[in-house]
Number of protein chains: 2
Amino acid sequence: MEADLSKSSELIPVGPLQQVLAALADPVRLEMVRRLADAEDSTAACSLLYDGIGKSTASHHFKTLREAGVTQRLVEEGQTHQRLRTDDVEGAYPGVLTSILSSPR
Amino acid sequence: MEADLSKSSELIPVGPLQQVLAALADPVRLEMVRRLADAEDSTAACSLLYDGIGKSTASHHFKTLREAGVTQRLVEEGQTHQRLRTDDVEGAYPGVLTSILSSPR
DNA sequence: CTACAAGTTCGATGGATATCGAACTTATTC
DNA sequence: GAATAAGTTCGATATCCATCGAACTTGTAG
(Lines give C-alpha, C1' and ligand atoms only; values in the text may rest on other atoms or scores of the structure.)
Protein backbone atom coordinates (compact mmCIF):
# COMPACT_ATOMS: atom_id res chain seq x y z
CA MET A 1 0.00 0.00 0.00
CA GLU A 2 1.43 3.34 -1.07
CA ALA A 3 1.61 6.27 1.25
CA ASP A 4 -0.48 9.21 0.17
CA LEU A 5 2.05 11.82 -0.85
CA SER A 6 -0.52 14.12 -2.38
CA LYS A 7 -0.43 16.29 0.71
CA SER A 8 3.28 16.93 0.21
CA SER A 9 3.79 16.59 3.93
CA GLU A 10 6.93 14.56 3.20
CA LEU A 11 8.08 13.46 6.64
CA ILE A 12 11.58 12.09 6.37
CA PRO A 13 12.70 9.26 8.64
CA VAL A 14 14.70 10.06 11.74
CA GLY A 15 18.39 9.90 10.84
CA PRO A 16 21.14 7.74 12.31
CA LEU A 17 21.83 8.28 16.01
CA GLN A 18 25.10 9.92 15.03
CA GLN A 19 23.26 12.55 13.02
CA VAL A 20 20.72 13.20 15.75
CA LEU A 21 23.44 13.68 18.34
CA ALA A 22 25.37 15.99 16.04
CA ALA A 23 22.22 18.03 15.48
CA LEU A 24 21.69 18.41 19.23
CA ALA A 25 25.35 19.05 20.04
CA ASP A 26 25.26 22.61 18.70
CA PRO A 27 24.30 25.21 21.34
CA VAL A 28 22.12 27.22 18.99
CA ARG A 29 20.18 24.16 17.88
CA LEU A 30 19.81 22.71 21.36
CA GLU A 31 18.30 26.01 22.47
CA MET A 32 15.90 25.87 19.54
CA VAL A 33 14.85 22.36 20.51
CA ARG A 34 14.42 23.37 24.14
CA ARG A 35 12.16 26.24 23.19
CA LEU A 36 10.15 23.98 20.95
CA ALA A 37 9.75 21.49 23.78
CA ASP A 38 8.42 24.26 25.99
CA ALA A 39 6.03 25.53 23.35
CA GLU A 40 2.40 24.65 22.87
CA ASP A 41 2.09 21.54 20.69
CA SER A 42 5.90 21.59 20.48
CA THR A 43 5.35 24.06 17.67
CA ALA A 44 6.55 27.62 17.27
CA ALA A 45 7.22 30.28 14.66
CA CYS A 46 10.85 30.37 13.58
CA SER A 47 11.53 33.82 14.93
CA LEU A 48 10.71 32.76 18.48
CA LEU A 49 13.38 30.09 18.53
CA TYR A 50 16.60 32.06 18.44
CA ASP A 51 18.36 35.26 19.47
CA GLY A 52 21.56 36.96 18.52
CA ILE A 53 22.09 35.38 15.11
CA GLY A 54 21.01 36.34 11.62
CA LYS A 55 17.96 34.71 10.11
CA SER A 56 19.96 33.06 7.37
CA THR A 57 22.03 31.36 10.04
CA ALA A 58 18.87 30.31 11.84
CA SER A 59 17.48 28.90 8.64
CA HIS A 60 20.63 26.83 8.22
CA HIS A 61 20.18 25.37 11.71
CA PHE A 62 16.51 24.59 11.01
CA LYS A 63 17.60 22.66 7.97
CA THR A 64 20.13 20.68 9.97
CA LEU A 65 17.50 19.76 12.54
CA ARG A 66 15.01 18.82 9.85
CA GLU A 67 17.46 16.66 7.94
CA ALA A 68 18.24 14.77 11.13
CA GLY A 69 14.51 14.11 11.52
CA VAL A 70 14.34 16.02 14.77
CA THR A 71 11.96 18.70 13.55
CA GLN A 72 9.39 19.24 10.86
CA ARG A 73 8.48 22.35 8.96
CA LEU A 74 4.84 23.27 8.71
CA VAL A 75 2.97 26.27 7.46
CA GLU A 76 0.11 27.48 9.58
CA GLU A 77 -1.87 30.53 8.61
CA GLY A 78 0.78 31.63 6.19
CA GLN A 79 3.49 31.52 8.83
CA THR A 80 6.30 28.98 8.83
CA HIS A 81 6.52 26.96 12.01
CA GLN A 82 8.87 24.32 13.32
CA ARG A 83 7.57 21.32 15.20
CA LEU A 84 9.59 19.03 17.40
CA ARG A 85 9.06 15.41 16.35
CA THR A 86 9.22 14.09 19.89
CA ASP A 87 7.36 10.85 19.28
CA ASP A 88 9.31 9.91 16.18
CA VAL A 89 12.65 10.50 17.83
CA GLU A 90 11.52 8.65 20.91
CA GLY A 91 10.42 5.77 18.74
CA ALA A 92 13.79 5.56 17.06
CA TYR A 93 15.99 6.17 20.11
CA PRO A 94 13.95 5.79 23.29
CA GLY A 95 14.95 8.14 26.07
CA VAL A 96 17.61 10.05 24.18
CA LEU A 97 15.68 13.22 23.41
CA THR A 98 13.62 13.20 26.59
CA SER A 99 16.61 12.72 28.86
CA ILE A 100 18.43 15.55 27.12
CA LEU A 101 15.43 17.84 27.47
CA SER A 102 15.00 17.05 31.14
CA SER A 103 18.67 17.68 31.85
CA PRO A 104 19.61 20.84 33.72
CA ARG A 105 20.45 23.76 31.46
CA MET B 1 36.40 19.09 54.42
CA GLU B 2 39.04 18.99 51.75
CA ALA B 3 39.27 16.24 49.20
CA ASP B 4 42.42 14.21 49.40
CA LEU B 5 44.33 15.08 46.26
CA SER B 6 47.50 13.35 47.33
CA LYS B 7 46.67 10.33 45.19
CA SER B 8 46.75 12.51 42.07
CA SER B 9 43.67 10.71 40.81
CA GLU B 10 42.34 14.10 39.66
CA LEU B 11 38.80 13.29 38.53
CA ILE B 12 37.45 16.30 36.74
CA PRO B 13 33.75 17.10 36.93
CA VAL B 14 31.47 16.06 34.09
CA GLY B 15 31.29 18.95 31.63
CA PRO B 16 28.27 20.90 30.39
CA LEU B 17 25.66 18.85 28.53
CA GLN B 18 26.75 20.58 25.36
CA GLN B 19 30.26 19.27 25.76
CA VAL B 20 29.11 15.75 26.59
CA LEU B 21 26.88 15.63 23.53
CA ALA B 22 29.65 16.96 21.32
CA ALA B 23 31.97 14.29 22.67
CA LEU B 24 29.47 11.56 21.84
CA ALA B 25 28.49 12.99 18.46
CA ASP B 26 31.69 11.83 16.79
CA PRO B 27 31.49 8.33 15.29
CA VAL B 28 34.98 7.31 16.40
CA ARG B 29 34.34 8.41 19.96
CA LEU B 30 30.89 6.86 20.18
CA GLU B 31 32.39 3.56 19.09
CA MET B 32 35.04 3.90 21.81
CA VAL B 33 32.36 4.53 24.40
CA ARG B 34 30.34 1.57 23.17
CA ARG B 35 33.30 -0.75 23.45
CA LEU B 36 34.02 0.56 26.93
CA ALA B 37 30.43 -0.09 27.94
CA ASP B 38 30.74 -3.66 26.73
CA ALA B 39 34.04 -4.21 28.51
CA GLU B 40 34.62 -5.67 31.94
CA ASP B 41 34.43 -2.94 34.58
CA SER B 42 33.82 -0.52 31.68
CA THR B 43 37.57 -0.45 31.41
CA ALA B 44 39.85 -1.35 28.51
CA ALA B 45 43.32 -0.77 27.14
CA CYS B 46 43.42 2.05 24.61
CA SER B 47 44.39 -0.14 21.70
CA LEU B 48 41.21 -2.21 22.00
CA LEU B 49 38.96 0.79 21.52
CA TYR B 50 39.56 1.77 17.91
CA ASP B 51 40.39 0.55 14.44
CA GLY B 52 41.47 2.20 11.25
CA ILE B 53 42.97 5.40 12.66
CA GLY B 54 46.43 6.33 13.85
CA LYS B 55 47.23 6.22 17.53
CA SER B 56 47.84 9.94 17.71
CA THR B 57 44.30 10.46 16.43
CA ALA B 58 42.99 8.00 18.98
CA SER B 59 44.85 9.82 21.72
CA HIS B 60 43.20 13.05 20.64
CA HIS B 61 39.76 11.45 20.94
CA PHE B 62 40.58 10.03 24.36
CA LYS B 63 41.48 13.51 25.48
CA THR B 64 38.19 14.90 24.18
CA LEU B 65 36.24 12.25 26.05
CA ARG B 66 38.23 12.81 29.21
CA GLU B 67 37.84 16.58 29.14
CA ALA B 68 34.09 16.14 28.80
CA GLY B 69 34.17 13.99 31.92
CA VAL B 70 32.91 10.93 30.07
CA THR B 71 35.99 8.81 30.64
CA GLN B 72 38.90 8.57 32.99
CA ARG B 73 42.46 7.53 32.38
CA LEU B 74 44.00 4.98 34.66
CA VAL B 75 47.20 3.02 34.65
CA GLU B 76 46.96 -0.63 35.55
CA GLU B 77 50.02 -2.83 35.53
CA GLY B 78 51.96 -0.32 33.50
CA GLN B 79 49.29 -0.20 30.79
CA THR B 80 47.13 2.82 30.16
CA HIS B 81 43.41 2.11 30.32
CA GLN B 82 40.30 4.14 29.74
CA ARG B 83 37.30 3.78 32.00
CA LEU B 84 33.77 4.90 31.20
CA ARG B 85 32.43 7.10 34.02
CA THR B 86 28.94 5.77 33.71
CA ASP B 87 27.76 6.68 37.21
CA ASP B 88 29.14 10.21 37.11
CA VAL B 89 27.55 10.98 33.75
CA GLU B 90 24.30 9.41 34.88
CA GLY B 91 24.42 11.52 38.01
CA ALA B 92 24.86 14.70 36.01
CA TYR B 93 22.46 13.94 33.16
CA PRO B 94 20.24 11.00 34.06
CA GLY B 95 19.37 8.76 31.16
CA VAL B 96 21.43 10.49 28.53
CA LEU B 97 24.36 8.10 28.34
CA THR B 98 22.37 4.97 29.05
CA SER B 99 19.72 5.71 26.45
CA ILE B 100 22.41 6.37 23.85
CA LEU B 101 24.17 3.14 24.72
CA SER B 102 20.98 1.12 24.51
CA SER B 103 20.07 2.64 21.15
CA PRO B 104 20.40 0.45 18.06
CA ARG B 105 23.77 0.75 16.35
C1' DC C 1 72.14 -0.29 28.73
C1' DT C 2 69.67 -1.11 24.46
C1' DA C 3 65.63 -2.13 22.09
C1' DC C 4 60.94 -2.18 21.70
C1' DA C 5 56.03 -1.18 22.65
C1' DA C 6 52.28 1.95 24.04
C1' DG C 7 50.66 6.58 24.45
C1' DT C 8 51.15 11.45 24.30
C1' DT C 9 52.32 15.88 22.35
C1' DC C 10 53.17 18.89 18.60
C1' DG C 11 52.67 21.06 13.96
C1' DA C 12 50.65 21.02 9.79
C1' DT C 13 46.87 20.12 6.65
C1' DG C 14 42.29 19.42 4.74
C1' DG C 15 37.54 19.24 5.21
C1' DA C 16 33.40 20.39 7.54
C1' DT C 17 30.46 23.91 9.25
C1' DA C 18 28.81 28.24 11.65
C1' DT C 19 28.30 32.72 10.34
C1' DC C 20 27.13 36.70 7.57
C1' DG C 21 25.06 39.72 3.87
C1' DA C 22 22.61 40.02 -0.32
C1' DA C 23 19.27 38.45 -3.45
C1' DC C 24 15.14 35.83 -4.07
C1' DT C 25 10.32 33.90 -2.85
C1' DT C 26 5.93 34.15 -0.94
C1' DA C 27 2.23 36.17 1.79
C1' DT C 28 -0.04 39.87 3.76
C1' DT C 29 -1.35 44.70 3.97
C1' DC C 30 -2.14 49.19 2.44
C1' DG D 1 0.14 46.75 -7.54
C1' DA D 2 3.61 48.53 -4.29
C1' DA D 3 5.50 47.83 0.14
C1' DT D 4 6.52 45.26 3.97
C1' DA D 5 7.59 41.03 6.58
C1' DA D 6 9.22 36.20 7.19
C1' DG D 7 12.09 32.58 5.50
C1' DT D 8 15.08 30.48 2.23
C1' DT D 9 18.96 30.14 -0.84
C1' DC D 10 23.47 31.34 -2.32
C1' DG D 11 28.46 32.69 -2.04
C1' DA D 12 32.05 33.86 0.63
C1' DT D 13 34.71 33.71 4.79
C1' DA D 14 36.56 32.09 9.05
C1' DT D 15 36.85 29.00 12.53
C1' DC D 16 36.84 24.50 14.35
C1' DC D 17 38.40 19.93 14.39
C1' DA D 18 39.61 15.15 12.64
C1' DT D 19 43.53 13.29 10.77
C1' DC D 20 48.33 12.31 10.02
C1' DG D 21 53.46 11.80 10.80
C1' DA D 22 57.31 12.73 13.60
C1' DA D 23 59.40 13.38 17.88
C1' DC D 24 59.14 12.61 22.73
C1' DT D 25 58.07 9.92 27.21
C1' DT D 26 57.60 5.99 29.88
C1' DG D 27 57.75 1.35 31.02
C1' DT D 28 59.10 -3.41 29.98
C1' DA D 29 62.01 -7.02 28.11
C1' DG D 30 66.21 -8.78 26.55
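Chain identifiers are assigned alphabetically (A, B, ...) following the order of the sequence lines, protein sequences preceding nucleic acid strands; residue numbering begins at 1 within each chain. Every value quoted in this text rests on a predicted model; they were computed, and no experiment measured them.
No single ILVMFWY cluster, assembled from side-chain heavy atoms under 4.5 Å apart, contains both A:V33 and A:L48.
In this structure, B:E76 atom CD and D:dG27 atom P are separated by 15 Å, rounded to whole Å.
Contact check on B:D41 versus B:R85 returns no salt bridge, with no Lys/Arg side-chain nitrogen under 4.0 Å from an Asp/Glu carboxylate oxygen. In this structure, A:D88 does not pair ionically with A:R83, as no charged nitrogen and carboxylate oxygen lie closer than 4.0 Å.
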Fill in the blank from the handout: Protein heavy-atom contacts under 4.0 Å, written 5' to 3' over nucleotides 4-23 of chain D as B (base), S (sugar-phosphate only) or - (none), form the string --BBBB--------SBBBB-
Tell me which donor-acceptor pairs under 3.5 Å the side chains of residues 13-27 of chain B have, and how far apart each pair is, sequence neighbours excluded?
from	atom 1	to	atom 2	distance (Å)
B:Q19	NE2	B:E67	O	3.2
B:D26	OD1	B:V28	N	2.9
B:D26	OD1	B:R29	N	3.2

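The backbone N or O of A:S99 lies less than 3.5 Å from a partner atom in the side chain of A:S103, making a donor-acceptor pair.
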